[in-house]
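In what follows, chains carry the letters A, B, and so on, assigned in the order in which the sequence lines appear, proteins first and then strands, with residues in each chain numbered from 1.
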Amino acid sequence: MTGKVDPVTLTVREMALFFSETFKIPLEQAMWLIQPPREEYGDLSFPLMRYLRGSGYGEREIVETLRGRLWEKGIYYISLSVDRGYLNLRFEESELSRHVFTLVRSGWRPETVKADAPETIVVEHTSANPIHPLHIGHARNTSIGDTLARLFKARGHRVNTRFYIDDVGRQTAIAALGFQILGVDPGSEAKRLGVKPDHLVGWVYAATHTILDILEAKKRLEKADAGERERIQRKIDSLMSTLSRLKDSDPGGYMGKLLDYSSKNDLEDRVQEIMRRYEKGLDPEKSLIRSVVAAVLEGFRETLARIGAEFDSWDWESDIVWSSRVEKLLEKARGSKYYVIHKGAEALNIPAIIEELVKPRPELHGSFKTPKGFEIPPLILVRSDGTTLYTTRDIAYSIYKFEQARADRVVNVIGADQRLSQLQVKLALLGLGYEREARNMIHYDYEIVRLPGRSMSGRRGEYVSLDQLLDEVKSRALSEVEKRNPDMPREWIEDVAEKVTAGATRFALVQVSSKKPITFDLERVLDFKENSGPYLQYTHARASRILEKHGPIDYGSIDYTASYHPERRRLLLLALRYPLVSAKAADDMAPEDLVAYLVKLADIFNSWYPKDSVIHDPDPGARNYKAALVNLVKEVLSEGMKLIGVPPLERM
RNA sequence: GGGCCCGUAGCUCAGCCAGGACAAGAGCGCCGGCCUUCGGAGCCGGAGGUCCCGGGUUCAAAUCCCGGCGGGCCCGCCA
């Protein structure tokens, strides 16, 4: 139900407007300064002392004017006071809850406050290389990206989620070569063998890549001097052991054929040729690579569905190239004053762009955080052999995203290791006259996910796939659900366990600030205690069951004096913060803030409910009040959980 | 060598952007209680801290500035 605003949100908004006008501070700043203080001081507070001095107003004057403004808006059930420089506001709980539950009765539901100026926002995320299965690092990207998209939507923005399929370049060419040697179609072969297509491709890619690296190393060994020989030999030994490990996991008896071919042909030449011909869109390379990548994407979709992520658009990098968008971009670059020849290759003069376009304009410094004292080298656009580079194609793709979606903002969820190259793309856009795009392209960076004790490598086939991980989480979930629901049908248990799995995984990956590297600890994800997705689900299920046992809520018979109870009051006030908390999480692009809030709400609910029975309360007025409160909490939990991708459950 | 990010309880982290009621907050783990009352994936209580170090700004610093130290990442005609 839109158009109706709960009294707490209304109050905060009015206060913010008032302080913003009175102290001449931006409305946004006034909003975030209004914070819930420690409970004994009240429900909302504002640090007056910072602004009072020099404003010409007195404390009393401020308090009385604000009180008048709130009364005008129908917020008369408050008390205001000033204590040690803070202005504190406290709601009178019976009137507050009467207004809230009257709203509920007329159809109001807790939801994120809508943005005053809705935007169209593209969220590009995951965009994993389509040559091996998704792993845990991608899952962090997906969890963050999908949650941002949901937060933006809830905030009232138009959202377009996109997956960039990185099919141009060396990696897909290597995987394609492998399948060409084997003479099988990845999709049908996967079906025949009964393996997931992305896993099949992952193996062929790793095997082909490793063989390629061994051949390359052997070539270098021949030319190497004595000092280098030992190092190269060690490298070869390590590659050989990788190869033998791959042989052990050979899904279709392929290794012999790959080795045989590689002894008779020059693999490197073949890879180069595939790359060149694919970039021109020539068959059979075109259909070969497309069939490999399509098979992987099929596997991706299946995995992504398990954690609740879907995409509006799938963009093939090759389409960007073939559609001549890259060519047009290069034309533009050649006509630019920042076009230079660097070491014999076509390039953009990034240092000059910084010097001339960024430095003189302080308003751009925030959006283009150029490292001080650090020289960013010119950006090479075209290789000497005429093929384009990833970054060049990414510039063209960035423009495409803005145009195609008519986007106001583009948020790219990409690892922190790509900060510099993302900055280069932005600066290139700026230099080529795409200032609006450059300013509104945001690199949402997140740190890597490490596995305890080892590193991941797609080229060597060393990774824990997301599928394996989800299966492990699910087997724990199954036993937990089964233990508690021995009489439920198998199908139901499966379904609930799958949702617990999704909830546990997404929660674990989104609760920590994206700036912190995570060392992935399976035990932590399998721990369904407090501070976990299942904890929220469990709390939601508990609330559902209480309401189920209570039966329909009779709002008409509520006795509002039942609100005079410290713990019920605390729960009510906390639940009513949801609309603004989730709005701020969206604006700050900080899913972890919403997570922290939901856990806090669950904590407060869990500590209240065993002490203050709902269904056993003999007084119908109080009983219905408490049921309405439980229902409010349940709806807030449900809304918030959906935004972070933790499926709410009625029973588990 | 330079740049960016991180450094808060044994462990994992929140608070820092927007300094103020912080004598610093969670979870895990640890210690001790609670299964005859709505779901124990829970509840109640306890121990546990030089907020990396040193300066500075301020009436006020975990928070801002400067300088160190430690860890990660990045500095490609790879993607």
Side-chain angles (χ1 to χ4, degrees), chain A residues 25-26 28-33 37-38 40-41 45 47-50 83-86 88 129 131 166 168-172 317 342-347 369-377 380-394 415-421 423 445 447-448 450 477 480-481 483-484 500 504 511-513 515-519 521 523-524 527-539 541-550 588 592-593 595-596 599-600 602-603 606-617 626-627 630 651-652:
Chain A
I25 55 177
E28 212 188 18
Q29 187 182 340
M31 288 288 282
W32 69 54
L33 286 172
R38 213 191 263 189
E40 60 264 34
Y41 297 120
S45 72
L48 266 189
M49 75 299 242
R50 247 184 257 179
D83 180 8
R84 274 169 288 174
Y86 281 90
N88 294 318
N129 288 328
I131 38 158
D166 188 7
V168 181
R170 194 175 164 80
Q171 311 184 64
T172 46
E317 188 179 12
H342 181 72
K343 294 181 186 168
E346 297 183 81
K369 273 196 229 144
T370 56
K372 45 188 168 185
F374 175 66
E375 190 84 338
I376 301 179
I380 308 274
L381 295 170
V382 186
R383 289 195 191 90
S384 310
D385 72 356
T387 56
T388 57
L389 281 107
Y390 174 81
T391 315
T392 313
R393 301 188 292 267
D394 201 19
D417 53 348
Q418 290 185 50
R419 260 188 212 133
L420 186 61
S421 72
L423 181 61
D445 56 337
E447 283 291 345
I448 51 163
R450 279 189 294 258
E480 295 288 329
V481 176
K483 192 165 76 192
R484 291 173 176 78
V500 169
Q511 68 158 332
V512 175
S513 144
K515 301 266 187 219
K516 289 234 157 78
I518 301 180
T519 297
D521 182 355
E523 278 312 308
R524 228 179 260 285
D527 186 359
F528 298 161
K529 296 199 179 136
E530 212 162 329
N531 235 332
S532 76
Y535 173 71
L536 293 180
Q537 292 173 313
Y538 194 81
T539 306
R542 171 180 284 151
S544 300
R545 302 281 282 165
I546 291 173
L547 290 169
E548 195 182 306
K549 288 186 178 151
H550 175 274
D588 292 349
E592 68 274 20
D593 291 353
V595 173
V599 169
K600 179 82 181 161
D603 285 347
N606 284 327
S607 72
W608 163 69
Y609 98 93
K611 293 177 249 167
D612 190 15
S613 178
V614 177
I615 65 173
H616 295 111
D617 195 319
K626 287 188 270 184
V630 172
R651 179 181 179 152
M652 63 193 280

Study note, to complete from the structure: Its contact letters, B for base, S for sugar-phosphate only and - for none at protein heavy atoms under 4.0 Å, make nucleotides 32-37 of chain B read -----S
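- For the P atom pair drawn from C66(B) and A24(B), the interatomic distance equals 27 Å after rounding to whole Å.
- Among C28(B), C77(B), A18(B), the nucleotide with an atom closest to any side-chain atom of L33(A) is A18(B).
- Spacing between atom NZ of K515(A) and atom C1' of G15(B) amounts to 17 Å, rounded to whole angstrom units.
- Panel note: side chain T539(A), backbone Y535(A); a donor-acceptor pair is recorded below 3.5 Å.
- Using the Watson-Crick or G-U wobble rule with both distances under 3.5 Å, U50(B) pairs with nothing in any strand shown.
- Taking the side chain of Y390(A) as heavy atoms from C-beta on, and the options C4(B), C77(B), A79(B), the nearest nucleotide is A79(B).
- A gap of 44 Å separates the P atoms of G39(B) and C17(B), to the nearest Å.
- To the nearest angstrom, C1' of G71(B) lies 17 Å from CD1 of I518(A).
- Atom CD of Q29(A) has more than 12 heavy atoms from other residues, nucleotides or ligands within 6.0 Å.
- Between R542(A) and G40(B) there is a side-chain polar atom (N or O) within less than 4.0 angstrom of OP1 or OP2.
- Among the nucleotides A18(B), G39(B), A21(B), the one closest to any side-chain atom of P37(A) is A21(B).
- When the C1' atom is used for both C16(B) and C74(B), the distance is 25 Å, rounded to whole Å.
- When the nearest nucleotides of RNA chain B are assigned to A596(A) and L389(A) by heavy-atom distance, the more 5′-ward of the two goes with A596(A).
- Rounded to whole angstrom, the span from the OH atom of Y538(A) across to the P atom of G27(B) amounts to 18 Å.
- In terms of modelled atom types and a separation under 3.5 Å, the side chain of N129(A) and the main chain of I131(A) share no donor-acceptor contact.
- With hydrogens and angles ignored, the 3.5 Å screen pairs a side-chain donor or acceptor of K626(A) with a backbone N or O of S613(A).
- Atom CZ of F528(A) is separated from atom CE of M652(A) by 8.0 Å, given to the nearest 0.5 angstrom.
- Mapping S513(A) and D603(A) onto RNA chain B by nearest heavy atom places S513(A) at the nucleotide closer to the 5' end.
- Contact between the side-chain N/O atoms of K483(A) and the OP1/OP2 oxygens of A41(B) is not found at any separation under 4.0 Å.
- The side chain of N606(A) lies closest to G42(B), out of A79(B), G42(B), G27(B).
- Straight-line distance between the P atoms of C64(B) and G7(B): roughly 11 Å, to the nearest whole Å.
- Taken from CG in L423(A) to NZ in K369(A), the straight-line distance is 10.5 Å, to the nearest 0.5 Å.
- Closest contact between the side chain of M652(A) and the listed nucleotides G15(B), G39(B), C78(B) involves G39(B).
- Separation of the C1' atoms belonging to G45(B) and U50(B) is 28 Å when rounded to the nearest angstrom.
- Atom-to-atom, CZ of R84(A) to C1' of A60(B) comes out at 14 Å; the value is rounded to the nearest Å.
- Rounded to whole Å, the C1' atom of A47(B) lies 25 Å from the corresponding atom of C52(B).
- Nucleic acid contact class of P47(A) (heavy atoms, under 4.0 Å, all strands): none.
- Using a 4.0 Å heavy-atom cutoff across all strands shown, K343(A) reaches at least one base atom of the nucleic acid.
- Taking the C1' atoms as reference points, C73(B) lies 35 Å from C30(B), given to the whole Å.
- Residue-to-nucleotide contacts include no donor-acceptor pair under 3.5 Å from the side chain of S532(A) to the base of A41(B).
- Atom CD of Q418(A) and atom C1' of C4(B) are 15 Å apart (whole Å).
- The side chain of A345(A) lies closest to C77(B) when the candidates are A41(B), C77(B), A21(B).
- Nucleotide A26(B): paired with U12(B) (Watson-Crick or G-U wobble, both distances less than 3.5 Å).
- Looking at heavy-atom distances under 4.0 Å, V168(A) makes contact with sugar-phosphate atoms alone, never a base.
- Across all strands shown, U36(B) forms no Watson-Crick or G-U wobble pair with both key distances under 3.5 Å.
- In terms of heavy atoms, N88(A) sits closest to P37(A) at OD1-CG, 4.3 Å.
- Atom pair D166(A):CG and C78(B):P shows a separation of 14 Å (rounding to whole Å applied).
- Checking G27(B), A79(B), A18(B) against every side-chain atom of N531(A), the shortest atom distance belongs to G27(B).
- Among the protein residues, I615(A) comes within range of the nucleic acid bases, having at least one heavy atom under 4.0 Å from a base atom.
- Heavy atoms of N129(A) sit under 4.0 angstrom from primed sugar atoms or phosphate atoms, though from no base atom.
- Taking atom NZ on K611(A) and atom C1' on G45(B), their separation rounds to 12 Å, with Å as the unit.
- Taking syn as a glycosidic angle within 90° of 0, C44(B) does not qualify and is anti.
- Counting only distance, with no hydrogens or angles, the side chain of R393(A) and the backbone of T388(A) share a donor-acceptor pair below 3.5 Å.
- Distance check on atom C1': A9(B) versus G27(B) gives 12 Å, rounded to whole Å.
- Judged purely by atom type and a 3.5 angstrom limit, N606(A) uses its side chain to pair as donor or acceptor with the backbone of A602(A).
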Check your understanding: Given R484(A) and Y538(A), is the side chain to side chain donor-acceptor pair (under 3.5 Å) satisfied, shown in steps?
Key -> CA-CA 12 Å; R484(A) 291 173 176 78; Y538(A) 194 81; 4.8 Å; no
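- For Y86(A) and G20(B), the ring-to-base geometry does not satisfy the stacking test (centroid distance below 5.5 Å, interplanar angle below 30°).
- Across all strands shown, D617(A) has no heavy atoms under 4.0 Å from either base or sugar-phosphate atoms.
- Comparing atom distances between the M49(A) side chain and each of C4(B), G20(B), A79(B) picks out G20(B) as nearest.
- Distances from the side chain of E530(A) to the nucleotides C44(B), A41(B), G42(B) place G42(B) closest.
- The nearest whole Å value for the distance from the CG atom in D521(A) to the P atom in G29(B) is 12 Å.
- Put simply, the side chain of V500(A) reaches to within 4.5 Å of the side chain of Q537(A), judged on heavy atoms.
- Across all strands shown, U58(B) forms no Watson-Crick or G-U wobble pair with both key distances under 3.5 Å.
- Using a 4.0 Å heavy-atom criterion, one finds that A541(A) contacts the bases of the nucleic acid, with or without backbone contacts as well.
- When both pairing distances are held under 3.5 Å, G70(B) makes a Watson-Crick or G-U pair with C6(B).
- Closest to the S384(A) side chain, of the nucleotides C77(B), A21(B), G40(B), is C77(B).
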